[in-house]
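The structure under discussion appears below in the form of C-alpha cells.
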Number of protein chains: 2
Amino acid sequence: MTLKFAILGLLAEKPMSGFDLVGEFSTARSVIWPAPQNEVYKILRALLAEGAIKVAERGARGRVVYAITPDGQKALVAWLGEPSDYTMRYEPMLKAVFMRQAPPTLRRKIAKADLDFAHSQLAALRKADTEHKRAGNRDNRQDARRLVILFYEAIEKWAKETVE
Amino acid sequence: MTLKFAILGLLAEKPMSGFDLVGEFSTARSVIWPAPQNEVYKILRALLAEGAIKVAERGARGRVVYAITPDGQKALVAWLGEPSDYTMRYEPMLKAVFMRQAPPTLRRKIAKADLDFAHSQLAALRKADTEHKRAGNRDNRQDARRLVILFYEAIEKWAKETVE
DNA sequence: ATATCACATGTGACTTCTCACATGTTAAGG
DNA sequence: CCTTAACATGTGAGAAGTCACATGTGATAT
C-alpha cells in the first residue's frame, strides 16, 4: 500500500503520466522506494477507480496525464498522519549483520562498494541541492533531501571505518 | 531471496529452530528485515531441500533445530560477495519526501514520532553495546550495530532539525 | 519515404509477502 | 488432576511485487 501513496504523492506535486512516473521510480528516487513499471500502471488504475486521481489530459501515443483530486489530497494527508511502519528493507544493512561470516578481504570489498555508492549518491544530492537553491523556486523535497544526505553520510562514515 | 540469506546468516551464528528464528525477526532485528512467521518455516523447508541447512536436533513439542551446512556457508559467503541491491524501503523516508504536502503541525508531529522512535532504538542499541563489551565474548554483530547506531543518529539529527 | 528509436501502455505467469486462522504439545500452577 | 499459557509448526487465500515479453504510436534523421 505504501507504493500507492508514493505515486499519489508524486501526482500531488504535479500531474504526470504513467510513463513519467515510471521514470521517477527508475532514477535517483527509486533508491527510496522501488517500483516496477508494471505496478505503476496497476496502481494508477486503482487510484482512478477510487477517485483519488483523475485524467487531466490525453496526449499523443496514448499518453494519459493524471492529476490528484481533492479526495486524493485528503487520502495523502491522512496517510502522512498515520503512525509509520519503522521496519526497513535495505540489503547493505542486512549484509553488515552477517559480515563477520566472511573473510576480511571480502568485508573490505563490501564496505568499499557501499562507500562508492554513498559517494555517488551524495554527489548527486548535493548537485540537486545547489541547483534548487540557484533556481530559487520553492522546493518540496528539501526535507527529504536533507534526510537522505544525512543517511548517506552515515553510510559513508561507517564504510570508511570498516575499510580500515 | 534476501530473507533466505537473513535466515541462513542467523543459522550461521548458531543453530536455531523455526520458532527461535521467528523470535529473532519479531524483536529488535525485525527493524532491519521483517519476516512473517509463515515465511520463516517455508524458507527453512526450502533451505533444507537445497542442503544449505540440516536438522541438528529434535526437541519437545515438535521442535526442530537447524544448523548450517558447509554448502550453506558457501552460499552465504557467495551472497555477501555479490553486488548489493541499494534500493531501500523505509516508510519514514518516503513520508519525508511528501511532507510538504501536509500542514506544519502535522509535519512536526511526524518528525516528533521519528525522533521518539530513533531515541528508543538508540537506547536499546547502546545498552546491547555495553552489555556485549562487559560480557567480553566475541561479537559478530558489532559492525552492524555501529551502522545502525549511525543510521538512527542521522534520523535523530534530521528529526530535531525538522521539529524546530 | 521509411527505418529507427524513444514514447507509452499493457498482459500473464510467477514469486514473495501478508493476514488470519488452525492444530498439537509440554510446562507449570492451583 | 486439570486448566491455562507458552511453545512449536502448519495451511490457505489474497495482495503486492517481479520478470519477461508484447503492442502500438509519433518524431526524426537519412
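Naming: A, B, ... by sequence-line order, numbering from 1 per chain.
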Legend entry - Polar side-chain atom of A:Glu91 near backbone of B:Asp85 as donor-acceptor pair, under 3.5 Å: yes
Inset, instruction - Give a yes or no on whether a salt bridge exists between B:Glu153 and B:Arg126, defined as a side-chain N under 4.0 angstrom from a carboxylate O. - result: yes
Inset, instruction - Indicate, with yes or no, if B:Leu115 and B:Tyr90 share a hydrophobic cluster defined by side-chain heavy-atom contacts under 4.5 Å among Ile, Leu, Val, Met, Phe, Trp and Tyr. - result: no
Inset, instruction - Verify whether one side chain among B:Asp71 and B:Thr69 offers a donor that lies under 3.5 Å from an acceptor in the other. - result: no
Legend entry - The single option from A:Leu44, A:Leu48, A:Val55 passing side chain to side chain contact (heavy atoms under 4.5 Å, CB included) against A:Val64: A:Val55
Strictly under 3.5 Å: I want the nitrogen or oxygen pairs between protein and nucleotides 12-16 of chain D, one per line.
residue: D:dG12; atom: O6; partner: B:Asn38; partner atom: ND2; Å: 2.5

Inset, instruction - Determine whether A:Leu125 and B:Trp158 fall in the same hydrophobic cluster, where Ile, Leu, Val, Met, Phe, Trp and Tyr are linked whenever their side-chain heavy atoms lie under 4.5 Å apart. - result: yes
Inset, instruction - Report yes if some heavy atom in the side chain of B:Thr162 is under 4.5 Å from a heavy atom in the side chain of B:Met99; otherwise report no. - result: yes
Inset, instruction - Without swapping roles, check the side chain of A:Asp114 against the backbone of A:Ala111 for a donor-acceptor pair under 3.5 Å. - result: no
Provide a list of protein-nucleic acid N or O atom pairs under 3.5 angstrom, restricted to nucleotides 25-29 of chain D.
none

Legend entry - Under-4.0 Å side-chain N/O to phosphate OP1/OP2 contact, B:Arg63 with D:dC7: no
Inset, instruction - Please work out if B:Arg45 contacts a base, only the sugar-phosphate, or nothing of the nucleic acid, heavy-atom cut-off 4.0 Å. - result: sugar-phosphate
Legend entry - A:Thr2 or B:Gly18, whichever maps to the more 5' nucleotide of DNA chain D: B:Gly18
Inset, instruction - Rounded to the nearest angstrom, tell me the gap between atom CD in A:Gln37 and atom P in D:dT18. - result: 13 Å
Inset, instruction - Look at the side-chain N and O atoms of A:Tyr41 and state whether any lies under 4.0 Å from the OP1 or OP2 oxygen of C:dT9. - result: yes
Could you list the protein-to-nucleotides 3-5 of chain C atom pairs, N/O on both sides, closer than 3.5 Å?
none

Legend entry - A:Lys74 and A:Glu50: CA distance, side-chain angles, deciding distance, salt bridge (charged side-chain N to carboxylate O under 4.0 Å, His left out) verdict: CA-CA 13 Å; A:Lys74 264 178 233 154; A:Glu50 42 182 274; over 6 Å; no
Legend entry - Salt-bridge criterion met for B:Arg107 and A:Asp143 (N-O under 4.0 Å): no
Legend entry - Aromatic ring pairing A:Phe151/B:Phe151, orientation class (parallel under 30°, perpendicular over 60°, tilted between): perpendicular
